[in-house]
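This is the structure I want to talk about, given as structure tokens.
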Amino acid sequence: MLTSANEEVREPCGLTYQELANLSDEKIMLHLAAGHGDAVAVLFDRYSRLVLNIAGKIVQDHCDAEDLTQEIFVELCRTAARFDAAKGTAKMWLIRSAYRRSLNRRRSLKLRNAQILGDLGDLENYPSTEIGLAQALAPQESHRLARQMLGS
């Protein structure tokens, strides 16, 4: 709690962010499992670029990679209590999660893209004017389709 303007905010364990930052990943995971919010911030500062790079290389889209990175660290907060240092490091836990979730996202995106291409084939039933195409696609779908076409 804050008692004066010069005093740092401390987590329930009594450690400041800087004191947590001096701990090993495994000890930080214990603090995270106990619900200390600054613990995930420390791990995010340490590993967010690594996770973002892994996700970016797999999904090949920076926005999706950023979303995945955020999701991975949110999931880490929920699953920290299951972390077992005897089975590997916290860094490896994050790397495995990044690979698994990124591969799942890429698979999902491929299925969605295939579905869109199939839906585009169905558009032959619509009038061939621009208005007919615009009415057939939801705004989000038309924006995403335009981005995909520009990307390829």
Side-chain angles (χ1 to χ4, degrees), residues 1-120 133-152:
M1 295 204 160
L2 212 52
T3 57
S4 72
N6 295 332
E7 190 175 322
E8 288 187 56
V9 176
R10 293 182 174 268
E11 283 290 319
C13 65
L15 297 178
T16 64
Y17 172 89
Q18 189 56 45
E19 291 168 333
L20 280 171
N22 293 328
L23 297 176
S24 70
D25 291 346
E26 289 66 32
K27 289 188 181 194
I28 292 172
M29 288 296 288
L30 293 173
H31 285 273
L32 184 57
H36 300 167
D38 280 347
V40 74
V42 171
L43 291 172
F44 186 85
D45 288 344
R46 287 181 187 176
Y47 299 115
S48 62
R49 283 190 312 194
L50 174 64
V51 171
L52 180 64
N53 285 334
I54 291 168
K57 287 179 182 178
I58 293 173
V59 297
Q60 308 255 320
D61 180 270
H62 186 72
C63 292
D64 279 330
E66 286 179 338
D67 289 344
L68 274 168
T69 299
Q70 195 172 39
E71 290 170 17
I72 288 164
F73 281 95
V74 168
E75 180 186 354
L76 181 66
C77 292
R78 287 191 295 253
T79 61
R82 291 186 289 178
F83 174 74
D84 182 359
K87 294 181 180 177
T89 64
K91 181 178 180 180
M92 285 310 298
W93 177 303
L94 279 165
I95 289 171
R96 279 192 303 269
S97 181
Y99 273 107
R100 183 179 61 251
R101 290 184 65 97
S102 297
L103 289 170
N104 287 343
R105 177 70 55 94
R106 184 174 73 182
R107 218 173 284 124
S108 171
L109 290 172
K110 280 185 179 182
L111 287 172
R112 188 169 32 153
N113 290 342
Q115 183 180 19
I116 288 171
L117 291 176
D119 291 345
L120 287 177
L133 182 61
Q135 290 172 342
L137 294 175
Q140 290 176 337
E141 288 296 313
S142 62
H143 284 63
R144 192 170 57 70
L145 182 59
R147 279 196 319 265
Q148 285 177 334
M149 289 191 301
L150 289 172
S152 62

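The analysis underlying the following values was restricted to heavy atoms, covering all of them including side chains, and did not include hydrogens, waters or symmetry mates.
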Review point. Just how far is it from atom CD of Glu75 to atom CZ of Arg100, taken to the nearest 0.5 Å?
Key: 6.0 Å

Point to revise | Closest non-hydrogen atom pair between Ile54 and Ala98, with its separation | key: CG2-CB, 4.0 Å

Study note, to complete from the structure: Nearest heavy-atom contact between Ile72 and Ser97 is CG2-OG, 3.8 Å

Review point. Looking at CG of Asn53 and OG of Ser48, how far apart are the two atoms once the value is rounded to the nearest 0.5 Å?
Key: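 Those atoms lie 9.5 Å apart.
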
Practice item. Could you check whether the rings of Phe73 and Phe44 sit parallel, tilted or perpendicular, using 30° and 60° as the cut-offs? Key: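 Judged by the thresholds at 30° and 60°, the geometry between Phe73 and Phe44 is perpendicular.
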
Check your understanding: Looking at Leu20 and Ile28, what are the two nearest heavy atoms and their distance?
Key ->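 Shortest heavy-atom contact: O-CD1, 3.4 Å.
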
Review point. Should we count CZ of Phe83 as having more than 12 external heavy atoms under 6.0 Å?
Key: yes

Check your understanding: Taking only residues at least two apart or on different chains, which pairs with a member in residues 40-51 satisfy salt bridge (Lys or Arg N to Asp or Glu O under 4.0 Å)?
Key -> Asp25-Arg46

Practice item. State whether the side chain of Glu26 and the backbone N or O of Ala90 hold a donor-acceptor pair below 3.5 Å, judged by distance alone. Key: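 Such a contact is found between Glu26 side chain and Ala90 backbone.
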
Practice item. Search all heavy atoms of Leu94 against all heavy atoms of Tyr47 and return the closest pair with its distance. Key: CD1-CD1, 3.7 Å

Point to revise | Test log, rule side chain to side chain contact (heavy atoms under 4.5 Å, CB included), inputs Leu43 and Lys91 | key: CA-CA 9 Å; Leu43 291 172; Lys91 181 178 180 180; over 6 Å; no

Practice item. Name all pairs fulfilling the salt bridge (Lys or Arg N to Asp or Glu O under 4.0 Å) condition that reach into residues 52-67, sequence neighbours left out, sorted by first residue then second. Key: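 The answer is Asp64-Arg105.
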
Point to revise | Nearest non-hydrogen partners of Cys77 and Leu32, listed with the distance | key: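 Shortest heavy-atom contact: SG-CD1, 4.0 Å.
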
Practice item. Begin from the C-alpha positions of Leu15 and Leu23 and carry the test side chain to side chain contact (heavy atoms under 4.5 Å, CB included) through to its verdict. Key: CA-CA 10 Å; Leu15 297 178; Leu23 297 176; 3.9 Å; yes

Review point. Do Thr79 side-chain atoms and Arg82 backbone N/O form a donor-acceptor pair below 3.5 Å?
Key: no

Practice item. Check the side chains of Asn104 and Arg101 for a donor-acceptor pair under 3.5 angstrom, ignoring hydrogens and angles. Key: no

Check your understanding: Nearest 0.5 Å, what's the CZ-CD distance between Arg106 and Gln60?
Key ->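 CD of Gln60 is found 7.5 Å from CZ of Arg106.
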
Exercise for review: Check Ala55 against Ser102 and note the closest heavy-atom contact, atom names and distance.
Suggested key: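 Closest pair (atom of Ala55, atom of Ser102, distance): CA-OG, 3.2 Å.
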
